[in-house]
Each structure stands twice: as C-alpha cells, then as structure tokens.
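Presented below is the structure to which this report refers.
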Amino acid sequence: MDKKTKRVCYIHNEDILEKCDKLIRIQNRADIVHSLIKAYNLFQHMSIVEPRQATTEELLGFHSTDYISFLQNLDDLSDDEKCGEEAEEFGLVYDCPIQDGVFECASLVGGGTITAGEKLINDESDIAINWYGGWHHAHRDSASGFCYINDVVLGILKLRQKFERVLYIDLDLHHGDGVEEAFCCTNKVLTVSFHKYSAGFFPGTGSVNDTGYSKGRHYTVNVPLLDGLKDDEYNKIFYSVMVQIKDSFQPEAIVCQCGADGLEGDPMKSFNLSTLSLGRCVQYVLSWNKPTILLGGGGYNYINTAKCWAFLTSLAVNKKLSRDIPDHEYFSQYGPDYELGVTVGNRSDNNSQQYLHHIYTQVIDNMKNIKLDR
Ligand SMILES: O=C(CCc1ccccc1NC(=O)c1cccc(C(F)(F)F)c1)NO
Ligand SMILES: [Zn+2]
C-alpha cells in the first residue's frame, strides 16, 4: 500500500446519523461529530459509503438465535414484558433500556462495520472509518454497557473471510470484554485492550492475567491502567506493547476501537488524556500500512469526542487541520478557546512508574509465547 495517500472510506448516511442521535446515552453526539468533520472539509478526501442493515444470518455469526429473535420482536412486547425476566436475561435493563428502534439502529451500525470490512477485503479501501460503531460490550446472548449488537465482532468476522490474522486494538476507557470473549479461544484474532481497571469499575474484566484459553492462550492481551493516566505514559506503554505484537503476531488487518471516554473532560473523569495520545496510537498503527478499520465507542463529552474523531479522521486522510475550529452549526459549543486541542488537567496520576513497569513486564512476559502458526 502506498505509504502516504491512502484510500479512505467513511460509513455514513442521514439514516444512521438520525438513529444514533436518538440513542438516549449519546443523544445528538453523532450530529456533533459529523458536523465538525464536515466543517473541516474532510469528506473531499474520503468516499462516503452508506451502511446497510446487518442480515439475520450475519448477526447470527456471533449472537445467539434466542437473543436476536428477542431483539427483532421488541415492538410486539407489552410494557410488562419489556421489563420482564426475559428482557432481564438478555441484559435489556438498566444500562441497556429497550427504546423504540434500538434494534434497527444497532443492526444498521452492525451492517456499517460489516460494510467497512467488505471495502477492505475487496481491496476498495485501505482505511474504513465507522464512528457510529465500536459497541464492544455486547455479548453473544445479551446486551451490556449500552451495547446491543457487537458490530466490532461482526466486522472482524468479515475481515477473517480474507485475512488469516486480524488484530483488534481497544483504546476505549472501558475493557473491550465482548470482543475479547468472542475471540478468546482462537489464535487467528489477537485482541489487545488498554483500559481502566479498578475495583467496581465497569465491566470489571480485563486483568493483566487474562490471556485467553486453549488455542487462544496468549492471544488475549490486557493492559489494565489507573485513574489520572497521562499522554506520555499511555503512548510509552502503547508503543512498547504494540511493537511486540506486530513482530510476534504479524497481523494482516487491524480493527481499532477509538472510544474517547478516556479524554480529560469526559464525565467519566478517569484518564487525563489529550487527543494527541489517541492520535499518536492511531498514527503508529496506520504506519504499518495494513488494511485498517477505525471505530468509535464511548465518549460522553461530545465536543471532545468530535475533536478527537475529527483529528483521527485527518490522520487517516493525511491532511493537517487548522487549530481553530471552523465556523459551523455547533461552533458556539467549542468555547472558550474554540480550538481543536483538548487541554489536559493536572489531576493526580495513580499510575506510578513502578506500576506501569510491573504491568509492562507482565504483558511482555505473557506475549513471549505468541508465535505464528507454523
Ligand atoms: O463507554 C462505555 C459504556 C459505559 C457504560 C457502561 C455500563 C453502563 C453504562 C455505561 N454508560 C455510561 O456510564 C454513560 C453513558 C452516557 C453518558 C454517561 C455520562 F454520565 F458519563 F455522561 C455515562 N463503554 O466503552
Ligand atoms: Zn467506554
């Protein structure tokens, strides 16, 4: 693949935008993200590709029949049934409320990430972006953490139709548990997640000692981190882990979930990252020149999330963005600085050098056994 200008496709249409904007947890975020990327004129460097609904067969490539048929018939449920024990069994309570059209939205997002995969396996694009996707918590037979259909798993399964070894990277503040579970027993998909890991923090999984099972042993990599994490520490441990993964796993295609809830200023109030650290991670991965899917995920300060994903989009199309936010519908919300950067705070950092070194050595030790299928 030519090093500099890559063929970038961008999953979008008004339908998926409107549906995602109606999701109660991220109401109107999609329009804020889309508007900033448009205001920076980045669409002239990408081909916009419309998403489609994932087919039932595609959904059943990961999810169970019971779960999918329950989701497909939500509209037939009475209000009692919607809070009944069956709904609870499928995780459709508390964090994952049954709201009108949630299935159509989730399966359109799923179809969007599958479409991203199709563009790469057909060699029509080098990089495929789906900022509507990245819903990494959904399990085979239940919703979780506000994720209903695991579009990430569906996209990886699509890539596996052509690529022997696929690498999944999860940059979201939360552990990518649903994706890790889907591939924990195979050595064809290596999942690596960098996430906050501390007592009582959702989803609670992602210990450094979780390294996969049977044939997948050592092909699950977890990098548990603590509150207050700063850019430099994040990038240092990211590079040192990823260079090892590149050498030993030699991935043929990459999926990177770029959840922005680790940024300073997110209501999650956990990490203390600027968009630069996520940008350096993505820039490094793109420098490998492998077919890559970039996905969204968490991110609850919508202005920061828009800044982050516009910046990552500019890296994919290799275009420099002006520091000043261009005038557009949401310009007034970018005050008081009206700049693309996210200023980091000086919250105390619980990640001591000893802690980070300890985690690094454990992760490297775990990965010593990753070898290519002879
Ligand atoms: O970001 C997530 C999901 C976070 C999550 C897990 C479990 C239950 C609920 C959630 N979502 C939130 O906590 C959430 C969603 C939207 C907005 C907020 C806010 F309060 F931080 F703004 C918080 N995964 O990467
Ligand atoms: Zn998250």
Under 3.5 Å: donor-acceptor pair, side chain of [X], backbone of [Y]:
| X | Y | answer |
| --- | --- | --- |
| Arg7 | Met46 | no |
| Asp227 | Asn350 | no |
| Asp151 | Trp135 | yes |
| Asp172 | His174 | yes |
| Arg140 | Tyr67 | no |
| Arg52 | Leu108 | no |
| Ser142 | His139 | no |
| Lys320 | Ser314 | no |
| Asn272 | Gly345 | yes |
| Asp266 | Gly262 | no |

Nearest 0.5 angstrom please: [X] [atom1] to [Y] [atom2], how far?
| X | Y | atom1 | atom2 | answer |
| --- | --- | --- | --- | --- |
| Cys256 | Leu278 | SG | CG | 8.5 Å |
| Thr313 | Ile129 | OG1 | CD1 | 4.5 Å |
| Ile156 | Arg160 | CD1 | CZ | 10.5 Å |
| Ile114 | Gln53 | CD1 | CD | 10.5 Å |
| Lys6 | Cys9 | NZ | SG | 14.0 Å |
| Ile121 | Phe163 | CD1 | CZ | 7.5 Å |

* Asked: Would Lys188 and Glu164 pass as an ion pair if we require N to O under 4.0 Å?
  -> yes

* Lys162/Glu252 ion pair, N-O < 4.0 Å -> no

* Asked: What about the rings of Tyr148 and Phe103, do their centers lie closer together than 6.0 Å?
  -> no

* Asked: Is the distance between the ring centroids of Phe331 and Tyr338 less than 6.0 Å?
  -> yes

* Hey, is CG on Asn346 packed in by over 12 heavy atoms from elsewhere, all under 6.0 Å? -> no

* Are more than 12 heavy atoms from other residues, nucleotides or ligands located less than 6.0 Å from atom CG of Asn209? -> yes

* To do: Please assess Asn366 against Thr211 for the test side chain to side chain donor-acceptor pair (under 3.5 Å), listing each intermediate value before the final yes or no.
  => CA-CA 7 Å; Asn366 292 340; Thr211 58; 5.8 Å; no

Determine whether [X] and [Y] fall in the same hydrophobic cluster, where Ile, Leu, Val, Met, Phe, Trp and Tyr are linked whenever their side-chain heavy atoms lie under 4.5 Å apart.
| X | Y | answer |
| --- | --- | --- |
| Ile364 | Tyr234 | yes |
| Ile26 | Leu173 | yes |
| Leu295 | Trp288 | yes |

* Asked: Where do Thr56 and Gln72 land on the side chain to side chain donor-acceptor pair (under 3.5 Å) test, with the steps shown first?
  -> CA-CA 9 Å; Thr56 301; Gln72 286 176 326; 3.0 Å; yes

* **Side-chain heavy-atom pair His195, Leu171 within 4.5 angstrom cut-off** => no

Parallel, tilted or perpendicular: which one describes the rings of [X] and [Y], with boundaries at 30° and 60°?
| X | Y | result |
| --- | --- | --- |
| His357 | Tyr360 | tilted |
| Trp309 | Trp131 | parallel |
| His12 | Phe43 | parallel |

* Evaluate salt bridge (Lys or Arg N to Asp or Glu O under 4.0 Å) for Glu104 paired with Lys19, printing each intermediate quantity in order. => CA-CA 8 Å; Glu104 287 69 26; Lys19 284 182 163 64; over 6 Å; no

Can you give me the closest heavy-atom contact between [X] and [Y], atom names plus distance?
| X | Y | answer |
| --- | --- | --- |
| Ile149 | Ala106 | CG1-CB, 3.4 Å |
| Ser322 | Tyr40 | O-OH, 2.8 Å |
| Tyr132 | Cys20 | CD2-SG, 3.8 Å |
| Cys281 | Asn235 | SG-ND2, 3.6 Å |
| Cys184 | Thr220 | CA-OG1, 3.9 Å |
| Asn187 | Lys215 | CB-O, 3.4 Å |

Determine the sole option in [options] for which the side-chain contact (heavy atoms from CB on, under 4.5 Å) test with [X] is passed.
| X | options | result |
| --- | --- | --- |
| Pro97 | Ile24, Leu23, Val102 | Ile24 |
| Asn150 | Glu181, His137, His63 | His63 |
| Leu356 | Thr361, Val223, Asn351 | Asn351 |

* Could you walk me through whether Lys368 and Asp365 pass the side-chain contact (heavy atoms from CB on, under 4.5 Å) test, one step at a time? => CA-CA 5 Å; Lys368 271 211 305 285; Asp365 195 48; 2.3 Å; yes

* Evaluation steps, side-chain contact (heavy atoms from CB on, under 4.5 Å), between Thr115 and Thr113 -> CA-CA 5 Å; Thr115 302; Thr113 302; over 6 Å; no

* Full working for side-chain contact (heavy atoms from CB on, under 4.5 Å) between Glu339 and Ile325 -> CA-CA 5 Å; Glu339 282 184 2; Ile325 297 293; 5.5 Å; no

* Does the pair His175 and Ser193 meet the rule for a side chain to side chain donor-acceptor pair (under 3.5 Å), with working shown? -> CA-CA 6 Å; His175 175 232; Ser193 178; 4.6 Å; no

* To do: Given ring-ring contact (aromatic ring centres under 6.0 Å, His included), test His218 with Phe249 step by step and report yes or no.
  => CA-CA 11 Å; His218 314 303; Phe249 184 62; over 10 Å; no

* Mind checking what makes side-chain contact (heavy atoms from CB on, under 4.5 Å) contact with Asp21, not counting sequence neighbours? -> Leu17, Asn28, Ala30, Asp31

* **Chi angles and distances behind the side-chain contact (heavy atoms from CB on, under 4.5 Å) call for Phe271, Leu225** => CA-CA 9 Å; Phe271 289 172; Leu225 299 161; 3.8 Å; yes

* Asked: For Asn301 and Glu264, what are the C-alpha separation, side-chain angles and deciding distance, and is it a side chain to side chain donor-acceptor pair (under 3.5 Å)?
  -> CA-CA 9 Å; Asn301 175 321; Glu264 169 57 20; over 6 Å; no

For residues 81-93, which side-chain N or O atoms pair as donor and acceptor with protein atoms under 3.5 Å away, sequence neighbours left out?
{"unit_1": "Glu81", "atom_1": "OE1", "unit_2": "Ser78", "atom_2": "N", "d": "2.7"}
{"unit_1": "Glu81", "atom_1": "OE1", "unit_2": "Ser78", "atom_2": "OG", "d": "3.2"}

* Structure fact -> Besides Phe202, the hydrophobic cluster formed by Ile, Leu, Val, Met, Phe, Trp and Tyr side chains linked at under 4.5 Å, directly or via other members, contains none

